[in-house]
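One structure below.
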Amino acid sequence: MARDSPKEDDDHENLIHQNKDKSASFRIEELQSPIRRRFSKGHYLFAAIVTVISLVATIYLFFSSKICDTKSDRIKESQLRALYLLNKQRSSLFDLWNHTFGTSNNITAVRFDQIKASLLDQITLNRHIKDTLLSTENGTVSVPIVNGSEICRKIDPKSSKRRTIEWKPDPNKFLFAICLSGQMSNHLICLEKHMFFAAVLNRVLVIPGSKFDYQYNLVLDIEHINECIGRKTMISFENFMELKKNHARIDKFICYFSIPLPCYTDEDHLKQLKSLGISMGKVETAWKSEDIENPSPKTVKDVEEKFGTKEDVIAIGDVFFANVEKDWVLQPRGPIAHKCKILIEPSNLILLTAQRFIQTFLGSGFVALHFRRHGFLNNAKKPSCFYPIPQAADCIRQMVEKANTSVIYLSTDAAESETSLLQSMLVMNGKNIPLVKRPPRDSAEKWDSLLYRHGLDGDDQVEAMLDKTICAMASVFIGAPGLTFTEDILRLRKGWETASSCDEYSCHGEEPNFIASDE
């Protein structure tokens, strides 16, 4: 089965219409203010804010008419547009006034956050008015914006509420992991699900070798996982074969999926296993109609009933698409009890290289943008998220303004022509927002010297994991929806507690699923 399976990174979103403007939605942090408790203070504070915004807008109108006499036609057009926006802003402010202060004498914390978020929208609109009024050919005026640190707060992991399972394997019982669908991101998710199955079945998980699958030890630290759990729970294929004296046997091959083919594993891969010295019995199926296109929800009890056996070594095939205890498995920090922030994380070499790159090119407080192009456009028969560059630039600019950062790390498969156009259109306060990509290998640069010395530079697996790691360390992450690459980054961000309330999908204001959850 080819690794470039069309199942990899399924694009589930619809194409965004070019003229459709969907602004990102952002949640605002709570303030410890007396305004929550006393209506009168909230009333006066709100009135003061409305007055200040209206006064600033009026000053803009006056200032604009004075400095632009020589361009009267253009100024008249700009002022008409600005008056329209001012009326829109005035209407929004009074709607906010009527719906918030007219309904109760008490302002809850949630309602106060809604007030703050709405006022922030009006501040953003005020900036657009300023831009309209000052849209002459020469001058630009820089107006400070609200501090991004007040807007983009860190997500509380609430790890104490996590539901976990203890992984205490019998050292003589094994589950042989098989992950074949898609690229590395898919395989890591498949591996994590295998870990959950192994924990439920009290088995040691055998990590497949590079002759049959990816070389996981290039991007993951298996011993780190064992240390976090506090016991030997995973073993490499090489160590497993040594333990079995190179005559290993999969005693029972019970397929989780039966459609489109048993175990989602073709004959070629079964032959590969046999060529590695692994014999196996007859391939069976746990459910006769379990389809990767429509996996049915399963419970721990289902897993125990179908895969519980006394045989020493079992395999269940590729489980990337398996829908088992979804809320439990997908929760931040994972379903398995451990003492670390996260179980599956990049190797130490990749972590250090990512930190060095950030220190060299980005500094603290950067936005990471995963701007996927080829897969979405190439999948036009199955409509998905694909922004025209100008619309993407407008969306990204709004997010960067909210985050109040000055640089963007760009992870993309887009052509140079597209990224150059995107760069030219990302302007804020009259200045371009730099888009930074990882440069090609240069012996004069030292940030990637660790990978080079260990012979890992240029490896596709390592490059992809390095990209994810840098994105996961950003202050704010903007990702493409429907991709396992994006979900893997979000998993890391939640585990490392770098997830932000401003993390967004680039196509719309929908929040990433697990960030929106209570966990």
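Applying the side chain to side chain contact (heavy atoms under 4.5 Å, CB included) rule to Asn294 yields no partners; only residues at least two apart in sequence or on another chain are considered. Judged as a salt bridge (Lys or Arg N to Asp or Glu O under 4.0 Å), and not counting sequence neighbours, the contacts of Asp467 are Arg438. Every residue meeting the side chain to side chain donor-acceptor pair (under 3.5 Å) condition with Ser236, not counting sequence neighbours, appears here in chain and number order: Asn239. For Lys437, the salt bridge (Lys or Arg N to Asp or Glu O under 4.0 Å) criterion is met by Glu416, not counting sequence neighbours. Qualifying ring pair (Phe, Tyr, Trp, His ring centres under 6.0 Å) partners for Trp328, counting only residues two or more places apart in sequence or in other chains: Phe196. Ala322 meets the side chain to side chain contact (heavy atoms under 4.5 Å, CB included) test with Tyr256, Phe257, Val319, Val324; sequence neighbours excluded. Under the salt bridge (Lys or Arg N to Asp or Glu O under 4.0 Å) criterion, Glu223 pairs with Lys232, sequence neighbours left out. The side chain to side chain contact (heavy atoms under 4.5 Å, CB included) search around Asp488 returns Leu188, Lys468, Arg491, not counting sequence neighbours. For Val407, the side chain to side chain contact (heavy atoms under 4.5 Å, CB included) criterion is met by Leu362, Phe366, Pro434, Val436, not counting sequence neighbours. In this view, Cys263 and Cys255 satisfy the disulfide (SG to SG under 2.5 Å) rule, not counting sequence neighbours.
A donor-acceptor pair under 3.5 Å links the side-chain atoms of Gln423 to the main chain of Ile433, judged by distance alone. Of the possible polar contacts, one joining the Lys193 side chain to the Phe320 backbone as a donor-acceptor pair under 3.5 Å is found. Formation of a donor-acceptor pair under 3.5 Å by the Arg493 side chain with backbone atoms of Ala472 is found in this model. In this structure a side-chain-to-backbone donor-acceptor pair under 3.5 Å is missing from Ser475 to Val367. Arg397 contributes no side-chain N or O that, together with a main-chain N or O of Met428, makes up a donor-acceptor pair within less than 3.5 Å. Judged by distance alone, with hydrogens and angles left aside, the side-chain atoms of His187 form a donor-acceptor pair with the main-chain N or O of Gly182 at under 3.5 Å. At least one donor-acceptor pair under 3.5 Å links the side chain of Thr412 to the backbone N or O of Phe371. When atom types are taken as modelled, the side chain of Gln215 and the backbone of Ser210 share no donor-acceptor pair closer than 3.5 angstrom.
A side-chain donor-acceptor contact under 3.5 Å links Ser181 and Asp318. A donor-acceptor pair shorter than 3.5 Å cannot be found between the side chains of Asp221 and Ser347.
Taking each heavy atom of Ile178 and Cys190 in turn, the nearest pair found is O-SG, 3.6 Å. Here the closest non-hydrogen pair linking Pro295 and Asn323 is O-ND2, 3.9 Å. In plain terms, the two heavy atoms of Gly317 and Thr265 that are nearest each other are CA-OG1, 4.5 Å. Considering every non-hydrogen atom in both Gln272 and Lys211, the closest pair reads NE2-O, 3.0 Å. The two residues Trp496 and Lys341 have their closest heavy-atom pair at O-NZ, 3.9 Å. Of all non-hydrogen atoms in Glu238 and Gly209, the two that sit nearest each other are OE2-CA, 4.2 Å.
To the nearest 0.5 Å, the span separating CD1 on Ile225 from NE2 on His338 amounts to 10.0 Å. Atom CG of Asn217 is separated from atom CZ of Phe237 by 13.5 Å, given to the nearest 0.5 angstrom. Note that CG of Leu220 and CG of Asn348 are 13.0 Å apart. Values are rounded to the nearest 0.5 Å. Between the SG atom in Cys471 and the NE2 atom in His370 there is a gap of 7.5 Å [rounded to 0.5 Å].
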Next on the checklist: Go through it in stages, so that I can follow the logic: the residues are Leu205 and Leu191, the test is side-chain contact (heavy atoms from CB on, under 4.5 Å), and I'd like the CA-CA distance, side-chain angles, deciding distance and then a yes or no.
Outcome noted: CA-CA 9 Å; Leu205 185 64; Leu191 186 66; 4.1 Å; yes

- Message: As a quick check of understanding, evaluate side-chain contact (heavy atoms from CB on, under 4.5 Å) for Met425 and Leu421, giving each step before the final call.
- Response: CA-CA 6 Å; Met425 303 187 78; Leu421 178 60; 4.0 Å; yes

Check: Could you walk me through whether Cys340 and His224 pass the side-chain contact (heavy atoms from CB on, under 4.5 Å) check?
Finding: CA-CA 9 Å; Cys340 301; His224 160 80; 3.9 Å; yes

Test Ile292 against Ile259 for side-chain contact (heavy atoms from CB on, under 4.5 Å), laying out the working first. CA-CA 7 Å; Ile292 65 167; Ile259 303 173; over 6 Å; no

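In this structure, Phe477 and Ile489 have side chains that are in contact, with non-hydrogen atoms separated by less than 4.5 Å. A heavy-atom distance below 4.5 Å is found between the side chains of Glu445 and Pro439. His269 is listed as a side-chain neighbour of Asp266, based on a closest heavy-atom distance under 4.5 Å. Within the 4.5 Å cutoff, the side chain of Ile344 has heavy atoms near those of the Met195 side chain. No side-chain heavy atom of Leu490 sits less than 4.5 Å from a side-chain heavy atom of Leu492. Taking 4.5 Å as the limit, every side-chain heavy atom of Leu466 sits out of range of all side-chain heavy atoms of Pro346. Within the 4.5 Å cutoff, the side chain of Cys179 has heavy atoms near those of the Tyr216 side chain. Between Pro332 and Arg162, every side-chain heavy-atom pair lies at or beyond the 4.5 Å cut-off.
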For residues 352-361, dump all side-chain donor-acceptor pairs below 3.5 Å to protein atoms at least two apart in sequence or in another chain.
residue	atom	partner	partner atom	Å
Thr353	OG1	Leu349	O	2.8
Arg356	NH1	Ser449	OG	3.4
Thr360	OG1	Arg356	O	2.7

Listed pairs under 3.5 Å, donor-acceptor, residues 450-459 side chains, sequence neighbours left out:
residue	atom	partner	partner atom	Å
His454	ND1	Leu450	O	2.9
Asp459	OD1	Gln461	N	3.0
Asp459	OD1	Val462	N	3.1

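Using the six-membered ring where Trp is involved, Phe197 and His194 have ring planes that are tilted, between 30° and 60° apart.
When the shell of 6.0 Å around CG of Asn432 is examined, it contains more than 12 heavy atoms from other residues, nucleotides or ligands.
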